[in-house]
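Have a look at the structure below, then the notes.
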Amino acid sequence: MTKTTQSRPQRWAQPFGSDMTDADVERLLNIPEIKAIDAEKFPLRIPLAGILRNDSRIMRYKSGDIVIREGDYGNSAFLILNGTLRIVLAPGLPGEMLGRKKIQKKNFWQVLKQLWAHKKSPEFRDVKQYNQKAGLRPSAEPGSTHVFLQDVPAILDSNRTADIHEGSLFGELAALGRTPRTSTVFAETDAELLEIRWQGLREFRKYDQGWRRLIDQRYRQNALKAHLGATSIFSHLDDNELQEIADNTLFETYGTFDWHHSYIKMQGHDRIEGVKDEPIITEEGAYPDGILMVRVGFARVSVERGNGRQTITYLGAGDFYGADELYRAWKGEMNVGLKVTITALGYVEILRVPTKTIEKHLFSYWDSGKRGGTRGGKPVQGSQRRMQDFFEQTLAEGALQEWAVQERFVNGTQAMLINLDRCVRCDDCVRACAATHEGNPSFVRHGKTFQNWMVANACMHCADPVCMIGCPTGAIHRSMSGGMVVINDYTCIGCETCAISCPYSNIRMVPIRDEDGEHILDQQNHQPIIKATKCDLCADQITGPACAFACPHDALKRVDFRDVTWGRDMEA
Amino acid sequence: MMKKLWGFLVIAVLFFTLIWVWTSKVENSLGYPEFISGGALFFIIFLLCLFNMRKRLPFLPIWSAHKWFLFHSVAGFLALSLFWLHAGVLWPKGLYVQILSLLFYGATLSGIVGLIMEKVYPNLLTRIGSEFIYERIPREIAEIRNKAENLVLECTEKTGSDTLAQHYLETLGWFFQRPRFFLNNIFGGQNSQTWVKEQCSILERFLNEAERRYLEQIFALAETKRKIDYHYSLQTMLKTWLLVHVPLAAAVMTMVVWHLIVIQVFFN
């Protein structure tokens with residue numbers, strides 16, 4: 001019998017930029033910011049030159065081109081090689097200028113007009129509108145197409161901006177922290193930038209002290225203090241105390257940034273093996289050495305049951321664990337170990353606040369009689385109560401939760417959950433969706449099922465929207481007004497990055513058509529032009545999501561899995 | 001949901017009591033109580049018909065479909081009560097009103113049957129353990145049939161025996177052809193399961209080890225086909241009962257309007 005073989009895939013099998021040459025790498029090695037790096041510190045298997053060649057690319061922008069947009073999710077940082085860029089300060093540029101979709105609720109007349117305004121052909125698009133509204137500067141390579149600003153001097157006059165010059169690094173916090181970009185940056189003059197993907201950035205931070213100091217310092221200054229201040233357990237602290245905690249906090253990352261790729265590959269594989277492969281953040285029985293706070297991503301909380309592990313709940317961004325155990329140990333209880341194992345679901349970023357810091361700033365405060373007020377904050381009390389409830393639940397009671405965690409549905413903030421015991425399969429939801437989207441339903445009433453629950457193939461508007469990573473034009477973005485993930489059809493170039501990235505297959509690529517129902521073709525290669533479509537949560541409808549509004553049996557709900565109380569409450 | 005349902009039920013009972021008291025008073029004062037009960041009945045039938053209109057306008061912010069459904073269910077029973085109050089008897093005299101009554105009873109009965117199906121069938125469909133999109137069922141069946149036929153051919157080629165093929169042609173082929181056991185399925189019967197098991201066990205003792213492995217695969221396909229059949233039967237009922245209910249309701253509405261015109265003309 002012949003066996004199929006292939007060479008083992010290597011880390012750099014797919015370089016970030018396809019046209020990086022030896023000369024480019026040589027040139028980069030000589031720029032001051034890279035020259036300052038001690039190449040000897042890098043392991044032989046990940047040499048500095050290799051990172052530059054494979055984890056970075058040189059990008060060229062024309063005056064007015066937007067490099068990063070506020071609100072975008074990106075997986076790369078930028079180092080300016082030459083040229084001047086402008087960072088737009090608060091309040092930022094209007095969404096439409098950035099290639100965003102303007103969402104406006106329809107009025108009653110516009111709502112009614114939908115009854116007869118449907119086009120006969122599916123996925124009809126008015127090409128003239130594209131020419132007027134797209135604002136794209138095309139490029140031979142789809143990934144290099146940019147949205148550009150039409151009138152740079154006017155923008156500089158009417159907005160607060162700051163210039164950034166050659167040698168500046170930006171975008172690194174969002175790239176490493178998987179958080180939305182906080183500002184828009186555009187090219188004031190023609191510029192050349194080195195774009196470094198997160199893997200390369202991670203290596204720079206790991207092996208070069210200078211880069212590590214720079215990145216960590218910026219994070220502590222710009223983001224960490226604000227993040228800590230927003231959590232309930234530290235809300236009583238003043239600026240100086242918060243800064244002290246921020247200075248002592250350790251950063252840890254678990255799992256891979258591109259977890260969605262491995263998740264897609266794992267579909268249909270042994271789930272138990274999948275759980276075993278998850279990176280362990282902390283283990284049951286281990287001595288707690290600080291409070292673990294989830295900054296980004298999701299973590300599975302499990303306990304040993306028989307010969308396996310039972311998932312009892314999960315932690316999302318803003319949740320923390322370990323305070324109770326630390327407090328009991330501080331009060332003198334002996335042999336206090338963690339009651340659960342916490343593992344990374346995909347990519348997780350953890351902040352570990354050391355025990356000493358917690359004892360100084362938290363436990364003394366709790367002991368001063370104000371404990372109730374602080375610990376009564378939603379995350380602590382809520383998660384602790386949940387945790388205790390889940391410890392006592394039977395395997396059968398926890399099965400649904402376990403399934404939702406396993407399938408990563410916990411990522412969804414607006415998942416389409418159908419109670420199959422109520423659903424009469426009438427498809428009124430699909431028809432309502434079509435009626436509100438010019439005859440094109442944007443979901444499929446089919447999906448993974450567990451017991452009487454189905455999570456249909458509709459965009460879940462994820463907390464960690466991996467679909468947004470890598471969109472070259474920012475066409476797929478999180479709406480500033482409603483928080484839903486939407487696609488601007490005018491700036492979508494049909495590159496399929498979002499559809500490939502979506503771990504739940506909830507984004508479809510459709511060929512667009514003209515009024516006669518004929519495919520609209522690319523002028524150059526005469527291939528049909530495709531666009532990404534997905535559920536937009538009926539952002540422009542008065543009724544909210546038409547699917548849920550149209551369900552006669554109340555079987556369909558849009559749910560945030562974090563808010564779902566499993567079991568009977570969901571039946572009500 | 002129960003809160004809303006109880007709300008509508010209370011309103012319906014109050015409405016009916018109001019009409020009943022009102023008609024009694026008018027009757028005692030030698031008036032025409034039929035005008036009051038008839039008017040109320042027409043109003044409720046009109047509201048019942050609006051549900052279908054509402055379904056076609058899902059984007060209008062006028063109650064969610066679920067609220068409409070609860071209202072429609074309660075109002076249906078209210079209409080039946082008002083009909084009896086209005087007619088005074090279960091089966092009125094006169095051809096026109098008898099046709100009207102027949103249509104009304106037909107619409108009501110189909111509505112009740114539909115309501116029962118909508119409450120019972122989803123649960124039965126869930127318990128089968130697989131989900132099938134109705135429109136894709138013919139394709140699913142064709143795929144299963146092709147797989148089964150390929151297995152039969154392969155079995156004949158590889159084992160040199162046509163026992164499985166003969167049996168397939170005589171019995172199993174019929175099953176794989178199209179959806180079967182429709183009537184039995186809609187009443188929740190298990191005939192298809194028994195039949196498939198029987199047909200496979202009948203054959204088993206005539207097969208050698210290699211042929212049995214093919215039979216096992218065909219049995220697995222038959223099990224999937226059985227589930228698809230079950231979905232087909234129940235989903236067909238869930239989708240088609242409205243094809244009886246809605247035309248009957250439309251006919252009732254038309255005849256009621258004509259009835260009102262005739263009453264007005266003759267009364268004046």
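We name chains A, B, ... by the order of the sequence lines, and we start the count at 1 in each one. These numbers come from the heavy atoms of this one structure, side chains and all, not from hydrogens, waters or symmetry mates.
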Under 4.5 Å heavy-atom distance to chain A, tell me which part of B/Tyr121 shows up: side chain, backbone, both or neither. neither
Residue pairs fulfilling salt bridge (charged side-chain N to carboxylate O under 4.0 Å, His left out) with at least one residue in residues 124-137 of chain B, sequence neighbours excluded: A/Asp421-B/Arg127, A/Arg425-B/Glu131
Mind telling me whether B/Phe175 and B/Phe181 have parallel, tilted or perpendicular rings, with 30° and 60° as the class edges? tilted
Return the orientation label for the B/Trp68 and B/Phe71 ring planes: parallel under 30°, perpendicular over 60°, tilted otherwise. perpendicular
Looking only at B/Lys67, B/Arg54, B/Lys3, most heavy-atom pairs under 4.5 Å shared with chain A are made by B/Arg54
Quick one: sort the B/His72 and B/Phe51 rings into parallel, tilted or perpendicular, breaks at 30° and 60°. tilted
Residue A/Gln114 versus chain B: region with a heavy atom under 4.5 Å: both
Which label fits B/Phe182 and B/Tyr232: parallel for a plane angle under 30°, tilted from 30 to 60°, or perpendicular past 60°? perpendicular
At a 4.5 Å cut-off on heavy atoms, which part of B/Leu125 comes close to chain A: side chain, backbone, both, or neither? both
Which portion of A/Ile542 sits near chain B, non-hydrogen atoms under 4.5 angstrom: side chain
B/Leu60 portion near chain A, given a 4.5 angstrom heavy-atom threshold: both
Which side-chain N or O atoms in residues 140-153 of chain B pair as donor and acceptor under 3.5 Å with protein atoms at least two apart or in another chain?
| from | atom 1 | to | atom 2 | distance (Å) |
| --- | --- | --- | --- | --- |
| B/Arg145 | NH1 | B/Gln177 | O | 2.8 |
| B/Asn146 | ND2 | B/Ala142 | O | 3.4 |
| B/Asn150 | ND2 | B/Asn146 | O | 3.2 |

Most heavy-atom pairs under 4.5 angstrom with chain B, which of A/Cys551, A/Cys433, A/Ala555? A/Cys551
